[in-house]
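Before any comments, here is the structure.
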Amino acid sequence: VQLQASGGGLAQAGGSLRLSCAASGRTFSTLFMGWFRQAPGKEREFVASINWSGYSTDYADSVKGRFTISRDNAKNTVSLQMNSLKPEDTAVYYCAADSYWRRSDPAEYEYWGQGTQVTVSS
């Protein structure tokens, strides 16, 4: 499975960005998907996840109500809409995938994309 994240960039506090992750190498609807982020000097942390059908989602408390994860199984993509951005959202964002239901432990995810930088200025 190959994952390619895109959509990162620079945004002002209060602004929005939309990340996308394109998957290939396997039937996308069999992959449980997640987004993680890693800020400089910090551990990789869970942001959001979505199950195979897209009907079940989960969010870190720090992004709940501001970020929305979604997927399009016809287009083999998972997206992360990020609104009301804060400087503390600055990080490299990674999409991840696995065959089984996962939550917040990055060690449980088998497949990873290369990451995309998100920088939020105050």
Kindly compute the distance separating [atom1] ([X]) from [atom2] ([Y]), expressed to the nearest 0.5 Å.
X	Y	atom1	atom2	answer
E45	D105	CD	CG	13.0 Å
N73	T30	CG	OG1	9.0 Å
S29	D72	OG	CG	11.5 Å

Quick one: closest heavy-atom pair of [X] and [Y], and the distance?
X	Y	answer
G8	L19	N-CD2, 3.5 Å
A91	Q117	O-NE2, 3.4 Å
S16	N83	OG-OD1, 2.9 Å
T77	A22	CG2-CA, 4.2 Å
R66	S84	NH1-O, 3.0 Å
M33	R71	CG-NH1, 3.7 Å

Consider only side-chain heavy atoms of I, L, V, M, F, W and Y, link residues closer than 4.5 Å, and tell whether [X] and [Y] are in one cluster.
X	Y	answer
W35	W101	no
M82	V92	no
V78	V1	yes
F46	L85	no
V118	V47	yes

Under 4.5 Å between any side-chain heavy atoms of [X] and [Y], yes or no?
X	Y	result
Q4	Q114	yes
Y55	I50	no
Y93	L17	no
R37	D89	yes
S49	Y59	no

From Y111, Y100, W52, residue fulfilling ring-ring contact (aromatic ring centres under 6.0 Å, His included) relative to F32
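So the option named by the test is W52.
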Between S20 and K75, is a side-chain contact (heavy atoms from CB on, under 4.5 Å) present by the stated rule, with each step listed?
CA-CA 11 Å; S20 293; K75 296 182 178 180; over 6 Å; no
Tell me whether K64 is salt-bridged to D61, with the criterion being a basic N under 4.0 Å from an acidic carboxylate O.
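Counted as a salt bridge, because a side-chain N and a carboxylate O are separated by less than 4.0 Å.
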Apply side-chain contact (heavy atoms from CB on, under 4.5 Å) to residues L31 and R26 and explain how you reach the verdict.
CA-CA 8 Å; L31 293 172; R26 183 167 150 181; 3.7 Å; yes
Does Q12 have more than 12 heavy atoms from other residues, nucleotides or ligands lying within 6.0 Å of its CD?
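No, not enclosed.
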Ring-ring centroid check F36 Y109, cutoff 6.0 Å:
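That pair passes the under 6.0 Å test.
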When you measure from the centre of the six-membered ring of Y94, is the NZ or CZ of R44 closer than 6.0 Å and no more than 45° off the axis?
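Because its charged atom sits under 6.0 Å from the ring centre and within 45° of the axis, R44 does stack over Y94.
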